Amino acid sequence: MTITKIVINNFKSIGEQKNVLYLDKSVSVIIGKNESGKSNLLDCLSALKFFTISKLNANKNKLNGKIPEISVELELSESDINNFECSFDEVSCFEFSDSKFPCIKGGLASFISEKIAPIQKYLLDAIKSIGGLSNDTKKSYIEYFSTEFNTDMLKHKQRIQSMKEFLNNKALTFPDKEDFKAKLLEYEQHINNIERILPIFFKVDEKELSSSFSAEEFKKNITQQSIINSFFKSAEIELEDVVKAVTSSDTGEKQFYQEQIAEKLKKLSEEFSEFYQKEKVFIKLNYETNKFHLLVDTETTKRPMYVTERSNGLRWYLNLYIQLKEQNLLDKNVVLLIDEPGTCLHIDAQAKLVDLFKDFGTKNQILYTTHSPFMIDSSYLSNIRLVCNVNGYTHIFNSVSDLKVPESSKTEVLSPLCKALGFSVKYNIGPSYSKENIIVEGITDYYYLKGAMKYFNISEDVQPHILPSIGVTNINRIASILIGWGCSFKIMIDYDEQAYYEYERLCKLGLTERKDIFTVSCREVDRDEMFSSPVVIEDLFEVDDKLQFDCGEKTLNAKRFLELTESENIILNPKSVENLKCLLRQLGINIS
C-alpha cells in the first residue's frame with residue numbers, strides 16, 4: 001500500500017494552510033532552508049502509528065496552540081490487490097488523533113464492512129453459544145467482537161490464538177466447530193493481509209559501523225544504544241558472548257564463543273546478501289588481544305576488508321539492514337524517513353547515495369530532507385517538495401507550479417530552488433561517450449528539450465545526451481574540453497545577440513566547418529536578424545501553451561513543462577508542435 005497524500009494540521013510549526021504533502025511512489029525529496037520545517041515533517045510522520053495509538057498532543061502547533069490532527073491517504077498496489085479476495089480501488093484514508101487508533105475511511109473501510117464485519121458477527125454469535133466458557137471469558141470476547149474494527153494487530157492476534165486453543169479444548173461445545181474454524185481462519189487471513197499492506201514509518205539513524213573495538217570500551221558501553229550493539233543483536237549474538245570471545249583467559253572457552261559467533265555471522269551474511277541482492281557478502285570478526293575488528297568480504301573482492309573500507313553503498317545497506325532487523329521490520333511495508341543524509345560525504349558520494357535511494361525506492365517509499373544540491377537527482381525532478389517558513393508557519397509546496405508565495409518570500413523560496421536544481425544538473429550530468437552530446441545554454445533549455453522528447457515519446461535509447469552550460473559564454477569552454485576528450489557533440493544556441501558573439505568564439509574552434517552549431521529558431525546564423533529579431537526557446541510555444549506551465553519564473557516554467565509531459569497532462573497547439581519537431585530534427589531525431 002502506497003502513501004499518496006498526507007494532510008497535517010497543527011503539528012509543531014505546521015499550521016492549517018499549505019499543509020498538504022504528496023508523496024512520490026518511490027523517493028520524495030524535501031528541500032528548504034534551515035529552520036523552515038523540514039525536520040518537523042519527518043517528526044510528524046515518525047509519530048504516526050497505524051498499529052498502536054499515536055501520541056500527538058505533545059507536538060501541538062507553537063503559534064496557535066491547537067492540537068494536531070493528521071490524515072493519510074493510501075492506494076493499493078497491484079500486488080496488494082492480488083492478495084485480497086476482492087479488490088477495492090478506492091483510496092483509503094486514516095485519520096489520526098491523540099491517544100486513539102486511527103479512524104479508517106474509504107476503500108479499506110468498505111472492505112472491512114463487507115468482508116470482515118460479517119465474520120465478526122458470525123464469531124460473536126458463535127462465542128455466545130459455545131458451552132463451557134467462563135462468564136468472564138465470554139464477556140471479554142463479546143466486548144472484543146462488538147467493538148468497531150481497528151488496527152490493534154497485537155490484540156487481534158492474541159484473540160485469534162486463544163480461539164484456536166478453544167478448538168482443541170474437548171470440554172467446550174460448539175454448534176458447528178468446522179464452520180467456526182473456517183471463519184476464524186478467514187478472519188485471521190484478513191488481519192494478516194491488512195497488517196502486511198499498512199506502512200510503518202521508520203526514521204533511519206545515520207550512524208555507521210566502525211571497524212575496530214577495544215574489549216574494554218565495548219564492555220563499558222554494553223548497556224548503551226549503539227550501532228555495533230544493534231549489529232550483534234541483529235545476528236542474535238549475546239553481547240556478553242562477544243566479551244568472552246575477546247577476553248576469556250580460558251583458551252577453550254574463547255574458541256567456543258568465537259566459533260559460535262562465526263556461525264551466527266555466517267547466517268547473518270546469508271540473510272544480508274539476500275537483502276542486498278548485489279552480490280554475496282561475508283561478515284566476519286577478527287580477534288586480537290583485548291580487541292576485535294569487523295571485516296567484510298564479498299564474492300567480487302574475495303578478500304576481507306575493514307567495514308569502513310567498503311563502498312558507501314554496501315555500508316549504507318548494511319546499516320539499514322541492521323536497524324530494520326533489530327526492529328523486526330525486514331518483511332514489512334516500511335517508509336524510510338532520513339534527515340539530511342550524506343552531510344559528511346563528498347560530492348561524488350552524495351550522488352551515489354541518491355542512486356541507492358532510487359534503487360531501494362523500487363521496494364519501499366523513501367522521504368529524505370536535504371539542503372545539498374548534490375542530493376537532488378537531475379533526471380527525476382518531479383519528486384521534489386519544498387518547505388519554507390512564512391510568518392512562523394511551515395508551508396509545503398509539492399511542485400514548482402504551487403509556488404504562489406508572497407512577494408516577500410519569493411527570494412527566499414524561488415532562488416534557492418533554482419540554484420539547487422541548476423547545480424544539481426551541473427554536477428550530476430557529464431559527457432557521454434556512447435551518445436551524441438548536445439551542449440545547451442542552460443538548465444532552462446535542458447528542461448524544454450527533455451520535455452519535448454517526452455512529449456513525442458522519444459525512446460531513451462535514441463535520445464541525445466544534453467549538457468547544460470552555465471550561461472552561453474561558457475559553451476566554448478565545454479566544447480574545448482569535449483574536443484580534447486574525443487566526445488561527439490553538437491551545440492544549440494539561442495537566436496539572439498549574446499548567442500551570436502558566442503558563435504564567433506566557437507568559429508575559432510573550427511566547429512562551424514563540421515556543421516556542429518544550430519539555433520533554436522531552426523534558421524541559419526544571421527547577425528542582423530539575431531540582433532533585431534531575437535528568438536529564445538520559450539518563443540517556440542504559442543501564448544496559450546505557455547499559460548499551461550506558467551509559474552512566474554523562467555527556469556521553473558521549463559521544469560513545469562517537463563513535469564506535465566512526464567505525466568502526459570499537456571496538449572500543445574499545432575504550431576508549437578511543429579516548432580518543437582523542427583528543433584528535435586536538428587538533434588538528429590526523426591519525427592513524422
Side-chain angles (χ1 to χ4, degrees), residues 26-27 200 202-213 218 225-239 241-242 245-246 255 257-288 291-336 338 341-342 344-346 348-366 368:
S26 54
V27 181
I200 297 171
F202 181 72
K203 198 167 184 180
V204 179
D205 192 332
E206 283 286 280
K207 292 179 182 177
E208 289 199 6
L209 286 165
S210 300
S211 293
S212 301
F213 303 85
F218 179 76
Q225 192 73 19
S226 67
I227 189 68
I228 186 61
N229 289 356
S230 297
F231 166 74
F232 286 121
K233 290 174 183 176
S234 69
E236 299 178 0
I237 297 171
E238 296 292 334
L239 302 182
D241 291 353
V242 180
V246 180
Q255 183 175 350
Y257 283 110
Q258 289 181 4
E259 289 175 354
Q260 290 277 67
I261 290 171
E263 197 63 33
K264 290 182 178 180
L265 288 181
K266 181 180 178 182
K267 181 183 177 184
L268 180 75
S269 298
E270 292 171 355
E271 293 174 354
F272 172 66
S273 296
E274 188 175 337
F275 176 79
Y276 185 47
Q277 293 187 342
K278 311 292 181 186
E279 58 181 335
K280 286 187 177 180
V281 177
F282 310 94
I283 305 169
K284 305 172 183 178
L285 286 192
N286 177 260
Y287 302 91
E288 292 182 21
K291 195 173 187 179
F292 66 90
H293 309 281
L294 185 58
L295 306 176
V296 175
D297 192 4
T298 69
E299 61 182 351
T300 303
T301 57
K302 296 182 179 179
R303 72 178 184 89
M305 297 168 60
Y306 287 128
V307 66
T308 51
E309 296 175 335
R310 286 296 173 182
S311 69
N312 291 319
L314 192 152
R315 297 203 319 270
W316 184 81
Y317 265 97
L318 181 56
N319 289 330
L320 177 62
Y321 173 82
I322 290 167
Q323 294 179 56
L324 293 180
K325 178 154 192 203
E326 185 184 29
Q327 299 296 323
N328 194 30
L329 295 176
L330 283 174
D331 58 346
K332 302 294 194 304
N333 178 11
V334 177
V335 179
L336 299 183
I338 313 174
C344 299
L345 299 177
H346 57 75
D348 290 340
Q350 287 186 20
K352 289 178 181 177
L353 188 57
V354 171
D355 289 336
L356 286 177
F357 290 161
K358 281 197 297 183
D359 178 59
F360 198 79
T362 60
K363 302 182 284 287
N364 297 75
Q365 285 182 283
I366 298 177
Y368 71 88

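We're numbering straight along the sequence, starting at 1. All of these numbers come straight from a predicted model, not from anything done at the bench.
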| request: Indicate, with yes or no, if the rings of Y321 and F272 have centres closer together than 6.0 Å. | output: yes
| message | Nearest 0.5 angstrom please: E208 CD to I322 CD1, how far? | response | 10.0 Å
| With distance as the sole test, does N364 use its side chain to make a donor-acceptor pair with the main-chain N or O of V334 at under 3.5 Å? | yes
| task | List in chain and number order the residues that pass ring-ring contact (aromatic ring centres under 6.0 Å, His included) with F202, two or more places apart in sequence or in another chain; answer none if no residue qualifies. | result | none
| request: Without swapping roles, check the side chain of K284 against the backbone of V296 for a donor-acceptor pair under 3.5 Å. | output: no
| Value rounded to 0.5 Å, distance of CD1 in I366 from NZ in K358 | 12.0 Å
| task | For the residue pair L294 and Y306, establish whether any side-chain heavy-atom pair is separated by less than 4.5 Å. | result | no
| field | Close side-chain approach of L353 and N312, heavy atoms under 4.5 Å | value | no
| query | For atom NZ of K363, is the number of surrounding heavy atoms from other residues, nucleotides or ligands below 6.0 Å larger than 12? | reply | yes
| So which heavy atom on D297 is nearest to which on R303, and how close? | OD1-N, 2.8 Å
| request: For S230 and Q225, run side-chain contact (heavy atoms from CB on, under 4.5 Å): C-alpha distance rounded to whole Å, both residues' side-chain angles, the deciding distance at 0.1 Å, then the answer. | output: CA-CA 8 Å; S230 297; Q225 192 73 19; 4.0 Å; yes
| Got a donor-acceptor contact below 3.5 angstrom from the S273 side chain to the V281 backbone? | yes
| message | Side chains of Q260 and K264, heavy atoms from C-beta outward: is any pair under 4.5 Å? | response | no
| said: So Q323 and L329, do their side chains get closer than 4.5 Å, heavy atoms only? | reply: no
| message | For N333 and I200: C-alpha separation, side-chain torsions, deciding distance, then whether side-chain contact (heavy atoms from CB on, under 4.5 Å) applies. | response | CA-CA 6 Å; N333 178 11; I200 297 171; over 6 Å; no
| At what distance, to the nearest 0.5 angstrom, does NZ of K266 lie from CD of E270? | 6.0 Å
| Any idea which heavy atoms bring D331 and N328 closest together, and the distance? | OD1-O, 4.4 Å
| remark: Residues K291 and V246: closest non-hydrogen pair is N-CG1, 3.3 Å
| task | Of all the heavy-atom pairs spanning L265 and A235, show the shortest one and how long it is. | result | CD2-CB, 4.3 Å
| message | Any side-chain to backbone donor/acceptor pair from E299 onto K280? Under 3.5 Å, distance only. | response | yes
| query | Can a donor-acceptor pair be found between the side chains of E326 and S234 at a distance below 3.5 Å? | reply | no
| Test ring-ring contact (aromatic ring centres under 6.0 Å, His included) applied to F231 - qualifying residues, sequence neighbours left out | none
| said: To the nearest 0.5 Å, what is the distance between CZ on R310 and CG on L209? | reply: 14.0 Å
| task | Look at K325 together with E271 and state whether they make a salt bridge at an N to O cut-off of under 4.0 Å. | result | yes
| task | Measure the shortest side-chain to side-chain distance between L324 and F275 over non-hydrogen atoms and say whether it is less than 4.5 angstrom. | result | yes
| said: Please report the interatomic distance OG(S212) to CZ(F218), rounded to the nearest 0.5 Å. | reply: 13.5 Å
| Contacts of D359 that satisfy salt bridge (charged side-chain N to carboxylate O under 4.0 Å, His left out) - sequence neighbours left out | K278
| message | Using 0.5 Å steps for rounding, measure from the CE atom of M305 to the OG atom of S211. | response | 9.5 Å
| request: Could you tell me whether Q255 atom CD has more than 12 heavy atoms of other residues or ligands within 6.0 Å of it? | output: no
